Each structure stands twice: as structure tokens, then as C-alpha cells.
Amino acid sequence: MTSTVPNAVQHTDAQPPITMFGPDFPYAYDDFLAHPAGIGQIPATEHGAEVAVIGGGLSGTVAAYELMKMGLRPVVYEADRIGGRLRTVGFEGCDPALTAEMGAMRFPPSSTALQHYIDLVGLETKPFPNPLSPATPSTVVDLKGESHYARTIDDLPPVYREVMDAWNSCLEEGADFSDMNRAMRERDVPRIREIWAKLVEKLDDQTFYGFLCASDSFSSFRHREIFGQVGFGTGGWDTDFPNSILEILRVVYTEADDHHRGIVGGSQQLPLRLWEREPQKLVHWPLGTSLSSLHDGQPRGAVTRLDRTAGNRVTVTDATGDIRTYRAAVFTGQSWLLLSKIACDDALFPIDHWTAMERTHYMESSKLFVPVDRPFWLDKDATTGRDTMSMTLTDRMTRGTYLLDDGPGKPAVICLSYTWCDDSLKWLPLSPKERMDVMLKSLGEIYPGVDIRKHVIGNPVTVSWENEPYFMGAFKANLPGHYRYQRRLFTHFMQDRLPADKRGLFLAGDDISWTAGWAEGAVQTALNAVWGVMAQFGGATDPTNPGPGDVFDDIAPVELPEG
């Protein structure tokens with residue numbers, strides 16, 4: 001992909017792809033999943049034992065699916081709907097094939113564990129139309145009232161090339177980008193750990209913006225401003241400026257912001273298909289068993305209380321008042337739920353884990369989509385010969401506008417606005433119609449001759465994730481100094497390190513991962529939790545396919561001193 005401000009190293013299709021997701025724990029989850037020996041087994045005496053899985057998003061459905069294959073009986077609790085932040089919705093009164101992705105909508109090839117499950121359930125993907133990507137006919141960058149039309153970065157004024165060069169230099173000088181990218185590509189774990197250990201110690205207290213300012217390459221405020229408003233890959237990154245630079249480095253090292261693809265028909269199909277899938281290889285359960293069949297079609301409802309009870313059990317109370325006790329449970333929901341909507345026994349976790357959950361920082365995010373009669377933006381302007389409308393990056397209220405179609409003449413969808421953090425909060429008090437009106441006004445200033453409204457064929461759909469009662473934010477983003485907190489949460493699945501009375505409840509979900517905001521993190525932490533549950537029941541992996549817990553001591557995340 002040619003991004004607005006590309007990563008420092010451009011790779012060709014002939015070079016090996018990144019197949020690990022993050023330098024903190026360089027474990028090859030894709031190889032683990034693909035191994036013919038499977039990902040582990042439990043003693044036959046434990047077959048049929050119940051395990052609570054709290055949360056039916058991607059992490060919860062992956063964990064439940066793999067636990068079922070091992071011969072355990074997952075009991076899934078879901079407060080809202082299967083899918084979590086993989087949420088695909090339709091438009092009232094429109095063709096059901098016309099959909100909008102309210103949460104995750106674009107996935108990098110480096111998400112190799114995620115791709116395993118996409119392939120497993122038979123979903124197709126296609127290139128996602130990010131700014132200046134080959135899948136995007138044209139892009140308009142509109143800053144300070146001045147618009148620039150481009151098909152490639154070379155069509156933009158020279159200052160954008162200067163910003164790109166500044167970012168490349170900044171990454172090389174401050175973060176050993178080429179060396180780390182090469183090590184990850186070659187799966188050179190010792191080298192990855194050597195580079196990353198130094199950077200974690202050096203940069204844990206540094207913001208993204210501070211990292212830019214510390215570089216001579218970004219001595220110009222104007223360059224930093226453009227970089228914040230336009231960014232690289234998916235658009236502007238100024239909403240990330242207060243976050244830890246380590247979060248940003250995880251993204252660029254793994255090319256998580258490059259070569260994105262969307263799931264044809266919508267991302268929510270992935271957890272829904274896993275829910276219904278009848279695996280051909282499973283233990284204990286008869287062929288034809290699925291998560292759906294084990295639950296009579298529907299998961300149990302919202303969890304309202306969690307307690308630590310005698311025998312180191314976890315007792316779950318749901319919204320109906322039903323109480324069940326389990327030897328093991330996996331919690332995949334947003335971690336703040338444990339501080340607010342779910343009444344929790346303090347004995348569930350060690351105090352420093354409670355602290356880590358309380359300190360977790362979440363990013364707000366809003367989107368609004370409208371259905372339109374056809375991809376009218378591909379019409380050519382009679383005077384300029386340009387597309388009538390383009391994928392748009394701007395400093396106006398809309399920030400990012402995406403144009404999504406399935407071919408000429410067919411109904412299409414516009415994501416009028418995709419925003420984060422303060423930009424997202426600006427939309428929060430407005431109704432869907434009010435949001436649309438403001439967005440159309442902003443876009444009308446960029447495209448004064450284009451009547452977008454006349455093409456709209458249905459009501460808008462919108463989401464503000466910070467206002468969703470079971471999410472309270474879009475995804476985790478560590479602030480400076482949060483590395484230690486994240487390490488506690490990610491490594492929680494290694495429960496032989498915990499007192500006996502703090503074991504049995506496993507954390508998973510993308511905000512437990514090192515790369516929150518990417519579905520890959522949800523999958524990886526689910527597999528960590530599955531390994532932990534397997535160990536809890538006395539199981540083990542095949543010696544030829546060690547799991548994440550088996551190799552933990554060799555590749556454990558850097559441990560910073562607490563003193």
C-alpha cells in the first residue's frame with residue numbers, strides 16, 4: 001500500500017511477510033494453530049467439565065471454540081450480541097447486503113492468527129480503501145481550507161514528502177526501525193528481544209508527540225501538525241499524540257497499519273460462524289456439536305456478579321439470578337466492567353492486577369454511515385476530469401471519510417466520519433440526524449458542487465463506543481508509564497506465578513493484548529487463556545508444538561523494575 005506517510009521501509013511482495021504481531025511476546029501463534037498435533041489436550045477424566053467464558057466477542061468465541069474442541073464444555077455469557085466490537089449492521093429499509101462496520105473494519109496481513117480463523121470459516125477478504133492505497137481511486141487531503149487531490153503521494157505538494165521523510169528518519173534514529181522490522185520478518189527472537197528491551201527501558205515514559213519533538217527530523221511545528229492531521233496508513237494520528245510511543249512502535253514494526261483488507265459481507269460473520277461451526281476434529285463431543293448446539297442456540301445473558309468461592313472456584317451470577325460455580329473461567333469483556341457493571345469479589349485478582357485494570361486508558365471512537373444509491377463519487381467532473389468525490393482526510397469535524405462500494409450501479413455506503421478521542425467526543429451529544437447534517441456541511445465545503453444528500457437512500461447508522469454500556473471506549477491505548485500495568489494483564493494467564501487462591505480466572509480480549517484495537521490481539525490473548533485453562537485442568541500441549549505458556553520463560557515480555 002502507498003500510504004500518506006509510509007513506513008520507513010517499503011517491502012515488495014517477494015519479501016517474507018510479517019507473521020508475528022508485536023515485539024513484546026514474539027510467539028508464532030500462526031504456527032501454533034497450523035500444527036497438525038493441535039494446540040493441546042486435557043485428561044479424559046476432565047472431559048465435559050464446564051468453563052465459563054464471559055463475553056461473546058471475537059476473543060470469547062475463539063476461546064470457547066478451542067475449549068470445546070479440547071473436550072471441555074464452555075458456557076458463554078454475553079450481555080449484548082455475539083461479535084463484540086466486530087459489529088456489522090444493516091440499514092433499515094435497504095438491501096440486507098448493504099452493511100456498515102461499526103467496529104473493526106480493516107485488518108492487516110500481519111494478523112496471521114486472525115487470518116487462520118477467517119480461512120477456517122470460509123470468509124473472503126478484499127483490499128480496504130485507505131488513503132492513497134491501490135484500492136482507493138483518489139484521495140483528497142483538505143487542511144486549513146486548502147484541498148489537494150491525489151492518486152499517489154507524488155500528486156501532493158512537496159511538504160507531504162518532507163513529512164514522510166521526517167517520519168522515516170524519526171523511526172530510524174529513535175527506534176531502530178529497519179533493524180527491528182528485519183528481525184521480525186526473519187523471526188529472529190533474540191534480536192527482537194535485544195532491540196525491544198532497550199527501547200522499553202528508554203521510551204516507556206515518552207509520549208508519541210514527545211518522541212516526534214525529540215527528533216531533529218521533526219523540528220518544524222508545521223511538519224508535526226501535518227503529520228498529526230494526515231498521518232500515515234489510515235490517516236491522522238494526532239489523537240494518539242498523548243499515548244505511549246511504545247504503542248505506536250508496535251503498530252509500525254508489525255506493519256499493522258499497512259495493506260489492510262476488509263471482510264466481504266462484514267466482520268461480525270467471523271464470530272457468528274465460529275459460534276455455529278461444527279468442527280471435524282474434536283474430543284469427547286459427537287460430530288455435529290457446535291457452540292450454538294451446546295447453548296441451545298443462544299448464550300447465557302449478562303454477568304452481574306463474580307465471586308471467589310471455596311475450593312478456589314469462580315462463581316458467576318447472571319442477569320436472571322442464575323448462579324453457577326466453575327473451576328475455571330475466562331473473562332474477555334472490557335476490563336472496566338469489572339470495576340463498574342459487574343459486582344466483583346476483591347479476592348478475584350491480586351491487588352496489583354486490580355490497579356492495572358483501573359489504570360487502563362481507553363480511546364473513544366465514533367463512526368457514522370449512510371447508504372447511497374450508487375458510487376456516484378466515481379463520476380468524472382466535466383471540467384477537471386477528477387473523481388466527483390474522494391476518500392477524504394481533513395482537519396474539519398469529519399476527519400476521515402471512506403467510500404465503500406461493490407461495483408458500478410450498485411447501492412453503496414459512505415462512512416461520512418470516523419474519529420477518535422476528543423474528535424469523537426464532539427459528536428457525543430448529537431443525534432444521528434444532527435451528526436449527519438454537520439458532516440454533510442463539512443463535506444459540502446470541500447466539495448461545493450456535490451449534492452451528497454440527494455444520493456442518500458436510508459437513515460444513517462452511528463456509534464460512539466465510549467457511550468456503549470458494555471464497552472465504554474473503542475480500545476485500550478497505554479499512556480506513558482503504563483508498560484508495567486499492561487505486562488501484568490497480558491501475563492496473567494501464567495497462573496503458576498500466582499497464589500493458589502488467585503488462580504482459575506483468566507483475562508483475555510484485545511485490551512489485554514499488547515496491540516489493542518486490532519482483532520489479532522483478541523485472538524492471541526484468547527489462545528493464551530485457552531493454554532491457561534488447559535494447564536488448570538492438568539492438560540498439556542504436544543512436545544512438537546509448545547504453547548505460549550510452555551515457551552513463556554524464553555520470550556516473556558521485558559520486566560521493568562517496580563522500585
Side-chain angles (χ1 to χ4, degrees), residues 1 3 5-12 15-28 108-112 162-219 223-224 227-228 231-233 237 240-241 243-259 477-484 486-487 490 513-516 518 520-521 554-561:
M1 183 185 88
S3 57
V5 183
N7 286 338
V9 177
Q10 297 297 300
H11 298 288
T12 67
Q15 292 176 295
I18 292 283
T19 50
M20 290 183 297
F21 211 89
D24 297 276
F25 193 67
Y27 176 72
S110 56
S111 295
T112 50
E162 294 169 12
V163 171
M164 178 190 75
D165 292 341
W167 176 233
N168 292 344
S169 297
C170 185
L171 286 174
E172 285 297 329
E173 295 164 5
D176 298 325
F177 179 84
S178 296
D179 198 3
M180 175 64 93
N181 189 265
R182 186 179 308 110
M184 294 189 68
R185 218 165 260 289
E186 296 171 357
R187 300 197 182 202
D188 184 348
V189 172
R191 183 60 181 150
I192 292 169
R193 290 173 57 77
E194 179 185 3
I195 298 169
W196 190 240
K198 294 176 182 176
L199 290 174
V200 168
E201 184 175 359
K202 173 185 174 184
L203 297 175
D204 177 47
D205 62 353
Q206 181 69 283
T207 65
F208 185 9
Y209 190 72
F211 180 76
L212 297 180
C213 292
S215 170
D216 291 338
S217 304
F218 269 113
S219 59
H223 285 176
R224 296 196 301 271
F227 180 74
F232 58 93
W237 276 61
D240 264 296
F241 276 174
N243 294 332
S244 168
I245 181 57
L246 297 178
E247 291 281 60
I248 311 307
L249 295 181
R250 293 182 183 103
V251 171
V252 296
Y253 284 151
T254 60
E255 300 177 7
D257 219 43
D258 292 340
H259 313 291
N478 286 338
L479 296 174
H482 280 198
Y483 177 90
R484 293 169 179 83
Q486 192 64 51
R487 190 186 191 281
F490 178 85
S513 80
W514 292 105
T515 48
W518 304 99
E520 177 77 2
D554 296 326
I555 59 173
V558 178
E559 190 165 13
L560 295 177

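Just so we're clear, the structure is a prediction, and the values are computed from it rather than from any experiment.
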Requested in this report: Heavy atoms only: give me the nearest Arg193-Pro26 pair and the separation to one decimal.
Outcome: CG-CG, 4.4 Å
Query raised in the report: So, Arg191 side chain and Met184 main chain: donor-acceptor pair closer than 3.5 Å or not?
Result: no
Query - Side-chain heavy atoms of Thr515 within contact of Thr254, under 4.5 Å - result: no
Query raised in the report: What's the verdict on side-chain contact (heavy atoms from CB on, under 4.5 Å) for Asp257 and Val252, showing C-alpha distance, side-chain angles and the deciding distance?
Result: CA-CA 7 Å; Asp257 219 43; Val252 296; over 6 Å; no
Report task. Evaluate the side-chain proximity of Cys213 to Arg224: yes if any heavy-atom separation is below 4.5 Å, no if none is. Result -> yes
Query raised in the report: Is it the case that more than 12 heavy atoms not belonging to Glu201 sit under 6.0 Å from its CD atom?
Result: no
Query raised in the report: So, do Cys170 and Leu212 sit near enough that their side-chain heavy atoms are less than 4.5 Å apart?
Result: yes
Query raised in the report: Salt bridge check: are Arg487 and Asp24 linked by an N-O gap of less than 4.0 Å?
Result: no
**Report entry** Heavy-atom closest contact (Pro23 atom, Met180 atom, distance)
**Finding:** CB-CE, 3.8 Å
Requested in this report: Identify the two heavy atoms, one from Glu173 and one from Ser215, that lie closest to each other, and give their separation to 0.1 Å.
Outcome: OE1-OG, 3.6 Å
Query raised in the report: Any sub-3.5 Å donor-acceptor pair from Arg250's side-chain atoms to Gly22's backbone N or O?
Result: no
Query raised in the report: Within a strict 4.5 Å, meaning less than it, do heavy atoms of the Leu171 and Leu249 side chains meet?
Result: yes
Query - Distance-minimising heavy-atom pair for Ser217 and Ser169 - result: OG-CB, 3.1 Å
Query raised in the report: With under 30° as parallel and over 60° as perpendicular, where do the rings of Phe490 and Phe25 fit, or are they tilted in between?
Result: perpendicular
Report task. Verify, without hydrogens or angle tests, whether Asn181 (side chain) and Tyr253 (backbone) share a donor-acceptor contact under 3.5 angstrom. Result -> yes
Query - Non-neighbouring partners of Asp554 that pass side-chain contact (heavy atoms from CB on, under 4.5 Å), sequence neighbours left out - result: none
Query raised in the report: Okay, side chain of Gln206, backbone of Ser244: is any donor-acceptor separation there less than 3.5 Å?
Result: no
Requested in this report: For the residue pair Phe227 and Trp167, categorise the inter-ring angle as parallel (less than 30°), tilted (30 to 60°) or perpendicular (more than 60°).
Outcome: tilted
**Report entry** Worked check of side-chain contact (heavy atoms from CB on, under 4.5 Å) between Trp237 and Ile248
**Finding:** CA-CA 10 Å; Trp237 276 61; Ile248 311 307; 3.2 Å; yes
Report task. Kindly say whether Asn478 contributes a backbone atom to a donor-acceptor pair with the side chain of Glu247 at under 3.5 angstrom? Result -> yes
Query raised in the report: For the ring pair Trp514 and Tyr483, is the centre-to-centre distance below 6.0 Å?
Result: yes
Query raised in the report: Where is the tightest heavy-atom contact between Pro480 and Thr207, given as atom of each residue plus distance?
Result: CG-CG2, 3.4 Å
